[in-house]
Amino acid sequence: QLLKSKAAELGAPSVKGEDAVAGKSAPALYFGDTKMNNNFTLVDEIQQKMGGTATIFVKSGDDYVRVATNVRKDDGSRAIGTVLDPKGNAFPAITKDESYYGDVAILGKPYIAGYEPIHNAGNDVIGVYYVGYPKGS
């Protein structure tokens with residue numbers, strides 16, 4: 001809920017044009033006038049307050065691309081440009097415009113997580129909020 005409320009303080013969610021994320025083109029997700037692609041302020045603020053990990057995904061075709069995250073790959077870099085696992089537990093719920101709370105594997109590691117759709121003014125799903133905690137930590 002903190003991630004959603006902090007995002008809402010910036011303004012209404014929308015997609016405007018495209019932006020490169022990890023060398024790939026993805027829709028540019030905004031909250032108000034603040035672009036989320038490659039902007040880690042919000043997700044890092046959530047991590048500092050709550051621990052765990054946070055991600056903002058944008059809908060790109062049938063995929064959901066991580067445009068802002070503090071989930072780390074094995075090399076320690078941010079996992080931007082990676083997609084929500086289409087075979088994962090959260091994907092079916094999100095594609096039905098539903099939230100998902102429970103166990104997931106992220107880049108091969110177990111997490112307990114929550115995913116909620118991000119809607120634009122027309123109530124279309126344009127992205128996903130994610131907050132999760134590594135299991136066993």
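Model, not experiment: these values are computed from the prediction.
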If I compare all heavy atoms of Val104 with all of Ala113, which pair ends up nearest, and what's the gap? CG2-CB, 3.7 Å

Kindly compute the distance separating CG (Leu3) from NZ (Lys49), expressed to the nearest 0.5 Å. 11.5 Å

Intermediate values then yes/no, side chain to side chain contact (heavy atoms under 4.5 Å, CB included), Ile118 and Ile56: CA-CA 9 Å; Ile118 299 171; Ile56 301 286; 4.2 Å; yes

Compare all side-chain heavy atoms of Met50 with those of Val131 and state whether any distance is below 4.5 angstrom. no

Side-chain heavy atoms of Tyr130 within contact of Ile94, under 4.5 Å: no

Within the distance-only criterion (no hydrogens, no angle test), does the side chain of Asn39 pair as donor or acceptor with the backbone N or O of Lys35 below 3.5 angstrom? yes

Taking the side chain as every heavy atom from C-beta outward, state whether Gln47 and Asp44 have any pair of such atoms under 4.5 Å apart. yes

Contact check, side chains of Arg78 and Asn70, non-hydrogen atoms, under 4.5 Å: yes

For the atom pair CD1 (Ile106) and OG1 (Thr55), what is the distance rounded to the nearest 0.5 Å? 6.5 Å

Less than 4.5 Å apart, side chain to side chain, heavy atoms only: is that true for Asp103 and Lys135? yes

Lys73 backbone acceptor or donor facing Ser77 side chain under 3.5 Å: no

Parallel, tilted or perpendicular, judged at 30° and 60°: which one describes the rings of Phe31 and Tyr129? parallel

Side chain to side chain, Ser99 and Pro117, heavy atoms closer than 4.5 Å: yes

Has the side chain of Ser60 got a donor or acceptor atom that lies under 3.5 Å from a matching backbone atom of Pro27? no

Provide the closest heavy-atom pair for Lys16 versus Gly32 in the form atom of the first, atom of the second, distance. NZ-O, 3.5 Å

Can you find a pair of side-chain heavy atoms, one from Val58 and one from Val15, that are under 4.5 Å apart? yes

Assess whether side chain to side chain donor-acceptor pair (under 3.5 Å) is satisfied between Arg66 and Thr82, documenting all intermediate values. CA-CA 6 Å; Arg66 288 179 181 88; Thr82 59; 2.9 Å; yes

Do the rings of Tyr100 and Tyr115 sit parallel, tilted or perpendicular, given the 30° and 60° boundaries? tilted

With the 4.5 Å side-chain cut-off for hydrophobic clustering, are Val83 and Leu107 part of the same group? no

Answer yes or no: is there a donor N or O on one side and an acceptor on the other, between the side chain of Lys24 and the main chain of Gly81, under 3.5 Å? yes

Counting C-beta onward and ignoring hydrogens, is there a side-chain heavy-atom pair between Val71 and Lys109 closer than 4.5 Å? no

Atom CG in Asn89, atom CG in Leu84: separation rounded to 0.5 Å? 10.0 Å

Restricting to non-hydrogen atoms, name the atom on Ile80 and the atom on Ala22 that form the minimum distance, rounded to 0.1 Å. O-CB, 3.5 Å

Mind listing the closest non-hydrogen atom pair of Ser5 and Leu2 along with its distance? OG-O, 3.0 Å

If you measure from OG1 on Thr41 to NZ on Lys6, what distance do you get to the nearest 0.5 Å? 12.0 Å

